[in-house]
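Before any comments, here is the structure.
Letters A, B, ... are given to chains in the order of the sequence lines, protein chains preceding strands, and every chain is numbered from 1. The figures that follow rest on heavy atoms only: side chains count, while hydrogens, waters and symmetry mates do not.
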Amino acid sequence: MSESSTERRRQYPFHRIEPKWQAYWEEYKTYRTANPGDAGFDASKPKYYVLDMFPYPSGDGLHVGHPEGYTATDIVSRYRRKLGWNVLHPMGCDSFGLPADQYAIMTGQHPRITTCRNVDRFRSKLKRLGFCYDWDREINTTDPGYFRWTQWIFLKIYNSYFDETTRAARPIEELEAQGLSREEIDARRLAYVAEVQVNWCPGLGTVLANEEVVDGKSEVGGFPVERRPLRQWMLRITSYADRLGDELEDLDWPEGIKRHQREWIGRSEGAEVTFAVDGSSETITVFTTRPDTLFGATYMVLAPEHPLVEAITTAAQKEAVEAYRQQVASKSDMERTALAKVKTGVDTGGYAINPVNGERIPVWIADYVLISYGTGAIMAVPAHDDRDYEFATQFRLPIREVVQAPAGNSETCFTGDGVSINSPLIEGLPTPEAKRKITGWLEDRGLGRKTINYKLRDWLFARQRYWGEPFPIVWRSGKHDAVPESELPVVPPPLEDYKPTGTPEPPLSKAADWVRYSDAALRETNTMPQWAGSCWYYLRFTDARNEQRFAGVEAERYWMGHNRKPGGVDLYVGGTEHAVLHLLYARFWHKVLFDLGYVSTPEPFQKLVNQGLILGEDGQKMSKSRGNVINPDHVIAEYGADSLRLFEMFMGPLEQVKPWSTKGVEGVYRFLGRVWRLFMESADEGDTHAFSAKVQEAAASPAMLKVLHETIRKVGADIEAMAFNTAISQMMICTNELTAADVRPVSVLASFLHLLNPFAPHLSEELYSAMQQRFPALPAGPLSELPWPRFEEKYLVENSIEIVLQVNGKVRAKLEVPAGIDAEALKALALSSEKAQEHIAGKTIRNVIVVPKRLVNIVVQ
RNA sequence: GCCCGGGUGGCGAAAUCGGCAGACGCAAAGGACUUAAAAUCCUUUUUUCCUAACGGAGAGUGUGGGUUCAAGUCCCACCCCGGGCACCA
């Protein structure tokens, strides 16, 4: 195996260069970043905060997908540093949560041990890639010095309420001052306890958030999930639904992610309408986005779990309804939704009264109506709703058209906007107006009101697992209370048996001494979900060792400082898998902290970039079972870290999905070898390398200056546009030109190394230091700390340029013309050219289009 | 079903504003060096046709239409691939 690497002659001695510079950077802390107030901090420089999405180190270590985003941010960081910016580029690990807990149980090792080992392994691998992280700021969510502040933020959320008028969080003391009772206050906290239908996963022994359940199975482990009611800690994220949607506007995020978040929030404007139940004092309230179709309601549907079902069901239908409810309860969510192609339901025998026309309509139950959305009941308008239409056709319920589709529309079930018909109160009105009028009519009579519904639910925040942050909460006679801030962190007890209990009783309850807080109080035994730690880690990085505050005021304000933009982190790079979970939760926590005055921006991340997936060499998703996984360690051993970095950037655009190619790695490896040989006579394995005689302190030719400055311009512009693949192409072009030259001026080579430095830091640093020894006039210091070369337009100016001559849009010739030629002269020159004459002979010239500096198109007939 | 992303040589890809399609790299072929190979360096490489050759003519960015002097790029319709969502009233 190792034979192949020694057998093949190395293009250059990366195996010595890379460890050497990694050790140098570590020893001299080259990439340590000073905070305001620290020695060496320069306030005159602009700041740039570049962040990678927090990794969750698993036992498998790194795969080639990880370095993709990390290399991109590393290049941007190194480039900005060389431009003279203060760059914050930190790294750490998210390590509480289910995967680590599951892994620990499977291997029988305590999660603290496995987590620690995984984090160490992860860090050392990142270091082998030569990333310029400030390791002095490394953080870990399982460190008590960190989760102390996770708990502290939880207490801030717990001790806040959402003020509807200002649409912002306020301290709970304000409600106390207003004289509200304990119960009233608890009912308004942003962190509250409620009996809710939860996703209970017996396989994992915990409840899960909706977001963690995929197709009725747990995202981690793929165990079945069932619904059951439980008392749980919830975070009132729904209060922020509108702001989480609206405030996406000014963020530089991919449109797809913004849309995804908006859809997840699922804001939907409509009306609640109250229907009387025939022969009863009960009423059924429905939510509809189409109050204008009230006259077309021909039946109603309650969710099978709706509390009114029993009261409405007639004796004759009781048995059938009960049987249906049983049947539905035993179905998993997946069976109820994804797999259910055919609609099911049962008539309750009861009737409701349509408030707009007094019509008696039947009430059914069906599982296509969800108890968890809106009011758990709908009015069915089969003429204008696909689902109702399907149901009505199946059960032969009447269909009544009340919206006229625009001319030309022939859909059997028209769901768009049109004009109301067969609707006395709103006859002839276009849909938006009809909605407004009918809602007003209902409001006037107390029969309904305008409402907004969201798909977003409050965040189920408790887990019945060991490996998570304990809640800083104690219970006294059935009431919860905050643990005093002075007692933070609340450290989990060192349990021997941390397995889930198999019941909703969390494993922490096994630590009787720990649970017993005092004679009168017991500790909360649930733990926080995995997402908690990553909700604020970007704040901790600004001041990772602060023991007085989650981050110093000045450090937070400096690094998160906004320049009139809402977000603090200037560039955030990661995968699309966090489109809703992490990015929504983090934004929510951030907004609470912002409302309470703890942070200076309303949004955490200004610019978001998603790197694309790297597929296996076979074009399939990498997976162990397919055997197409590429291990970065092997790539580094064979070609070096610089080659791996460069290839990951050369494959194609960062955001794009692209397949791995070993041949491609060899290609960039050869390119780095060519760079080496620009300077060195050979790739000699010995300790000494002979400098090439072609490297001389000589003046650069105009042609050489041209390609150099074109490269300076393009590499800089491409890094800023994150178009790394084309930046590398340009460096290859430059290298090819220099290779062909008989004399390679020191000044040109030095500038070129600056450009290569962010991409291949080890090789460029090594060659630069070798150059310094040989040519002492070069500026001293590590290359990574020397300024980026200045691009000068003057070297690109040409005396003559090439113009394309077209006749009827077809290229017929190329003309060499003076660069400064004006349009008229160019036109005359083109028309008189030999080639033009050839093609226009005997024809009439209809038009001549002249595009300065580009082409002349002669249109003839 | 709905919503995204994408279709350009043998392959990964490039192409500011509509202005020379295929930069750069891979693979392939030929040559130089070498006893030989590897490595390296140089050359060719979208395709069809004409020419002994120099050279020239045509076609071409998933398909079909359209706008324009000019379309990979803009507009309309359709096909295929990849990803996500999935009864949210």
Considering only [options], which nucleotide approaches the side chain of [X] most closely?
X: A:K343; options: B:C87, B:A15, B:A13; answer: B:C87
X: A:E263; options: B:A39, B:C3, B:G19; answer: B:C3
X: A:R670; options: B:A27, B:A89, B:C24; answer: B:A27
X: A:Q11; options: B:A89, B:C24, B:A39; answer: B:A39
X: A:M732; options: B:C24, B:A13, B:C26; answer: B:C24
X: A:T289; options: B:G25, B:U40, B:A89; answer: B:A89
X: A:R674; options: B:C42, B:C24, B:A13; answer: B:C42
X: A:D385; options: B:A89, B:C26, B:G84; answer: B:A89
X: A:P659; options: B:G12, B:A89, B:C3; answer: B:G12
X: A:T288; options: B:G25, B:A89, B:C4; answer: B:A89

Looking only at atom [atom1], what distance separates [N] and [M], rounded to whole Å?
N: B:G72; M: B:U61; atom1: C1'; result: 5 Å
N: B:U46; M: B:C42; atom1: C1'; result: 23 Å
N: B:G12; M: B:G18; atom1: C1'; result: 27 Å
N: B:G64; M: B:G56; atom1: C1'; result: 32 Å
N: B:A77; M: B:U73; atom1: P; result: 16 Å
N: B:A29; M: B:U35; atom1: P; result: 24 Å
N: B:G9; M: B:A28; atom1: C1'; result: 13 Å
N: B:A86; M: B:C74; atom1: C1'; result: 34 Å

Do any side-chain nitrogens or oxygens of [X] fall under 4.0 Å of OP1 or OP2 in [N]?
X: A:N736; N: B:G25; value: yes
X: A:S268; N: B:A89; value: yes
X: A:Q656; N: B:G12; value: no
X: A:R854; N: B:C17; value: no

Taking the inter-plane angle between the rings of [X] and [Y] on a 0 to 90° scale, is it parallel (under 30°), tilted (30 to 60°) or perpendicular (over 60°)?
X: A:Y373; Y: A:F287; result: perpendicular
X: A:H709; Y: A:F791; result: tilted
X: A:Y12; Y: A:Y669; result: tilted
X: A:W364; Y: A:F391; result: perpendicular
X: A:H578; Y: A:H582; result: perpendicular

Contact class for [X] vs. all strands (heavy atom < 4.0 Å): base, sugar-phosphate, or nothing?
X: A:E655; answer: nothing
X: A:N725; answer: sugar-phosphate
X: A:R259; answer: sugar-phosphate
X: A:R812; answer: sugar-phosphate
X: A:G266; answer: nothing
X: A:K810; answer: sugar-phosphate
X: A:D386; answer: nothing
X: A:K455; answer: base

Rounded to whole Å, how long is the line connecting atom [atom1] of [X] with atom [atom2] of [N]?
X: A:R10; N: B:U40; atom1: CZ; atom2: C1'; answer: 18 Å
X: A:M731; N: B:A23; atom1: CE; atom2: P; answer: 19 Å
X: A:D718; N: B:A14; atom1: CG; atom2: P; answer: 11 Å
X: A:N610; N: B:G83; atom1: CG; atom2: P; answer: 17 Å
X: A:F287; N: B:C87; atom1: CZ; atom2: P; answer: 17 Å
X: A:Q261; N: B:G84; atom1: CD; atom2: P; answer: 18 Å
X: A:L615; N: B:C81; atom1: CG; atom2: C1'; answer: 13 Å
X: A:M300; N: B:A89; atom1: CE; atom2: P; answer: 16 Å

TODO: State the syn/anti category of B:G58 according to its glycosidic angle, syn meaning within 90° of 0.
DONE: anti

Open item on the list: Need the glycosidic conformation of B:C17: syn if within 90° of 0, anti if not. Which one?
Closed with: syn

Below 3.5 Å is the cut-off: list the nitrogen or oxygen pairs between protein and nucleotides 64-73 of chain B, distance only.
from  : atom 1 : to     : atom 2 : distance (Å)
B:C69 : O2'    : A:N857 : ND2    : 3.3
B:C69 : O2     : A:N857 : ND2    : 2.6

For [N], which nucleotide in any strand shown is its Watson-Crick or wobble partner with both distances under 3.5 Å?
N: B:G64; result: B:C76
N: B:G18; result: none
N: B:A37; result: none
N: B:A59; result: B:U46
N: B:G1; result: B:C85
N: B:A70; result: none
N: B:C11; result: B:G25

- [ ] Please tell me which of A:I378 and A:I733 maps to the more 5' nucleotide of RNA chain B, matching each residue to the nucleotide holding its nearest heavy atom.
- [x] A:I733

Task: Most 5' of A:S729 and A:G256 on RNA chain B, judged by nearest nucleotide - done: A:G256

Task: Residue list, side-chain hydrogen bond (donor to acceptor under 3.5 Å, both in side chains) with A:R325, at least two apart or on another chain - done: none

- [ ] Using side-chain hydrogen bond (donor to acceptor under 3.5 Å, both in side chains) as the criterion, list what pairs up with A:T711, not counting sequence neighbours.
- [x] A:Q730

TODO: Check whether any side-chain heavy atom of A:S692 lies under 4.5 Å from a side-chain heavy atom of A:R677, and answer yes or no.
DONE: no

Open item on the list: Are A:I858 and A:N847 packed together at the side-chain level, in the sense that at least one heavy-atom pair is separated by less than 4.5 angstrom?
Closed with: no

Task: A:K706 atom NZ, neighbour heavy-atom count above 12 within 6.0 Å - done: no

- [ ] Consider only side-chain N and O atoms of A:T576 and A:N610, and report whether a donor and an acceptor are under 3.5 Å apart.
- [x] no

TODO: Run the ring-centre check on A:F724 versus A:F650 and record whether the distance is less than 6.0 Å.
DONE: no

